[in-house]
Structures are given as structure tokens and as C-alpha cells.
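Position 1 is the first residue of the sequence, and the numbers go up from there.
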Amino acid sequence: MKMPRGGRLFLATCLGSLFVLVLYFQSITKPAEAALKAVTRPGKSRTSPLQTLYNGDQQLELLAAHKSLQGRRELLEQACLSHTRKRRVLSPEDLKHLIVDDMHGLIYCYVPKVACTNWKRVLMVLTSDGRYTDPLAIPANEAHVAGNLRTLSEFSVTEINQRLRSYLKFIFVREPFERLVSAYRNKFTRRYNTAFHKRYGTKIIRRHRPNAKPEALEKGDDVTFPEFVQYLVDPRTQREEPFNEHWERVHSLCHPCLIHYDVVGKYETLEPDAQAVLRLAGVEGTLQFPTSGKTTRTDGHMAGRYFKHISPFYQKKLFNLYRMDFMLFNYSTPEYLRT
């Protein structure tokens with residue numbers, strides 16, 4: 001019996017996605033073997049970043065960084081084996097946060113509020129063929145313009161698999177609640193973020209503030225942190241739509257138990273970890289990762305002050321929501337939690 005055209009398209013899509021998933025597992029189980037294969041990039045014959053990482057021929061300073069990065073990678077793999085039960089097929093939508101640098105053989109999964117603006121600036125320099133030379137000369141809003149950098153979702157299944165096997169895949173993560181407080185401060189306490197106030201603030205106030213004033217319901221610019229927490233743990237929130245990327249869990253953005261990340265950098269050790277990635281890419285001498293000039297960076301002490309106003313009931317619900325990120329990336333339960 002002849003299959004309808006719609007059915008054939010659906011089957012082809014499923015098979016293509018399944019093929020991608022099979023190769024994700026291969027990349028998890030055989031990273032060193034994949035690293036020994038040459039990266040087929042036009043006009044590039046030098047050792048790829050992935051080969052440099054796994055071949056063991058690094059310089060002494062790189063070997064020291066590699067030891068720390070290897071420990072994180074192994075902890076992540078162990079946590080994935082211990083805490084993930086169900087495997088699923090990834091779709092192109094799942095790959096939209098993975099930025100590709102074909103010139104240097106890099107794949108970076110960006111996580112908002114974890115120095116992703118500066119990493120995007122760096123990748124714009126690396127992929128621009130000389131059009132950009134200084135990351136800090138690139139305006140922050142330009143770094144986030146769709147189309148300035150290619151994502152893995154834009155490639156064919158065959159091209160995706162080839163890059164997953166042979167490119168250095170890296171991610172930078174942050175203590176989950178410090179990242180969350182940073183997102184709240186940036187999106188809800190800055191007057192210029194009117195789009196977030198309208199899009200999310202008005203909804204949060206309408207749902208979680210009894211007897212809200214008309215001005216607050218209209219502007220949505222004075223959301224409190226307890227109201228933001230109530231919004232996050234409310235079951236209706238995720239039923240209606242996915243979390244915004246600024247407070248979405250890292251494991252939901254980057255799928256670290258399906259995609260083998262060769263380097264897991266941390267915000268807490270941003271500069272040396274970023275330096276290690278640039279060294280692996282062979283551009284350390286020509287490109288410097290921008291240092292943060294922020295004087296009020298969100299740290300554990302600041303996060304503790306925000307959580308002081310959250311009841312133990314909501315603290316526990318919020319921790320359960322972000323528990324997987326704590327476990328996968330080896331972050332301890334914050335001391336300030338009263339759960």
C-alpha cells in the first residue's frame with residue numbers, strides 16, 4: 001500500500017532525528033576516538049581543537065587546565081548516568097543554542113547570564129574573516145542579532161553529525177540560583193527592559209499579586225523576587241509555554257546528557273576556563289576573552305539576600321525545579337536555603 005506524502009515526510013523526519021540521536025550517543029561513548037579523526041574544514045590542515053584536547057600533546061599550562069576540565073567532564077557523565085532515565089530524540093529546535101564556528105572547529109552552547117554576550121562577541125571575531133578584531137568593539141545588542149552567528153539547527157542531518165563528531169563542543173555554566181537572581185535583576189529591576197515588563201511582568205503581577213493597582217497591571221515594571229519565584233514554580237507557567245531562555249534550566253537549553261561536551265567551563269572560573277578554550281582553538285595569542293567590568297556582579301551573598309524573603313516552602317519547590325542543574329554541574333545546595 002502506498003504511504004501518503006504527509007506520512008512519508010513524517011517518517012523521514014523521525015528517521016533523520018533518530019540518526020542524529022544515534023550519533024549523539026557515539027559522541028558520548030567515543031570522544032577520544034572521534035578526536036583522532038581529522039576535521040574536514042576547507043583550507044585547514046592544522047590540528048583541530050578536539051585533537052589538541054584528546055591527543056595528549058598539549059603544553060604544560062594546557063595540561064594543567066585540561067586536568068580540571070577532564071574532572072568536570074567525567075562528573076557530568078557520571079551524573080547523567082545516575083540521574084537520567086529517559087532518552088529522547090532531539091529536534092532542530094533543541095539545537096538553536098549551539099553556535100558553530102566552522103573556521104576553528106568549535107561548537108558553543110550559549111547560556112544566558114553566563115557571559116554569553118562576550119562569548120558571542122568572541123565567536124563573531126573568530127568567524128568574521130577579519131571584519132571584526134576586537135570583541136569589545138561589538139555592541140552587546142549586535143552580538144545577539146539572529147543571523148550574525150550560525151547555529152547547529154541550520155545544518156542538514158549529515159552536516160550536524162559530522163560537526164558533533166569532529167568539533168570541540170564547549171559550554172559555560174553557573175551556580176543555578178546566582179544565575180536566576182542575575183536574570184531577575186537584569187530583566188525586572190532595570191527600567192529599560194520594558195519588553196520583559198510587558199511580556200512577563202504584567203502576567204506575573206496579574207496572577208500572583210492580590211489587589212494589584214491598575215498601573216502595575218499595565219506596566220509590569222515592579223515585579224518582586226517572591227512574585228517571580230511564584231511564577232516559576234506555578235505548574236501553569238510551563239504548561240502554557242517554555243521558560244524564557246534567561247531562566248530556563250541549562251540542561252534544557254544544551255542537553256548535556258545527549259550531547260558530549262568536551263569542555264565544561266564555569267562562570268566562577270571564567271577567565272582561566274575561557275583562556276583554555278582559546279588556547280585549544282589556537283587563537284590565544286591573537287584574541288583575548290573580555291574581562292568583566294561589572295562592580296555589582298551577582299554572587300552567593302547577593303543571592304542569599306534575595307532568598308531571605310522566600311519562604312522555605314517556595315525555596316524547596318524552586319530547588320526541585322533547578323535540581324538537575326545543581327547535580328549535573330556539581331553545585332552544592334546553597335547554605336542560605338531553609339529547606
For S166 and Q162, which I'm curious about, is there any donor-acceptor pair between the side chains at under 3.5 Å? yes
Determine the interplanar angle of the Y110 and H97 rings, folded into 0 to 90°, and report it as parallel if under 30°, tilted if 30 to 60°, perpendicular if over 60°. parallel
Surrounding NZ of K203 (heavy atoms of other residues, nucleotides or ligands, distance under 6.0 Å), is the total greater than 12? yes
Inspect the contact between R207 and E240 and indicate whether a charged nitrogen and a carboxylate oxygen are less than 4.0 angstrom apart. yes
Using the side-chain contact (heavy atoms from CB on, under 4.5 Å) rule, take Y306 and F228 through it: C-alpha gap first, then chi angles, then the decisive distance, then the call. CA-CA 11 Å; Y306 277 85; F228 179 53; over 6 Å; no
Does the structure place the NZ or CZ of R163 under 6.0 Å from the centre of the six-membered ring of F155, at an angle of no more than 45° from the ring's axis? yes
In Å, rounded to the nearest 0.5 Å, how long is the span from CZ of F177 to CD1 of I310? 10.0 Å
Should V145 and L123 be regarded as members of a common hydrophobic cluster, given that ILVMFWY residues are connected when their side-chain heavy atoms come within less than 4.5 Å of each other, either directly or indirectly? no
Would you kindly say whether D262 and Y167 are connected by a side-chain donor-acceptor distance under 3.5 Å? no
Without hydrogens or angle criteria, can the side chains of H301 and D299 be said to hold a donor-acceptor pair below 3.5 Å? no
NZ or CZ of K187 within 45° of Y200 ring axis and under 6.0 Å: no
Pairing donors with acceptors under 3.5 angstrom, does anything connect the side chains of Q70 and E74? yes
Between T202 (side chain only) and K198 (backbone N and O only), is there a donor and an acceptor less than 3.5 Å apart? yes
Can you tell me how far NZ of K213 sits from CD of E218, rounded to the nearest 0.5 angstrom? 14.5 Å
Would you verify whether the NZ or CZ of K266 falls within 45 degrees of the ring axis of Y331 while also being under 6.0 Å from that six-membered ring's centre? yes
With a 4.5 Å cut-off on side-chain heavy-atom distances among I, L, V, M, F, W and Y, is there a chain of contacts connecting M324 to L321? yes
Within this structure, what is the CG-CD distance for the pair L168 and Q51, rounded to the nearest 0.5 Å? 11.0 Å
Can you see whether S156 engages T158 through a side-chain donor-acceptor pair at a distance of less than 3.5 angstrom? no
Side chains of D94 and S91: donor-acceptor distance under 3.5 Å anywhere? yes
Students often mix this up, so state it plainly: with edges at 30° and 60°, are the rings of W119 and F289 parallel, tilted or perpendicular? tilted
Return the CD1 to OH distance between I205 and Y231, rounded to the nearest 0.5 Å. 12.5 Å
Are the aromatic ring centres of F225 and F307 under 6.0 angstrom apart? yes
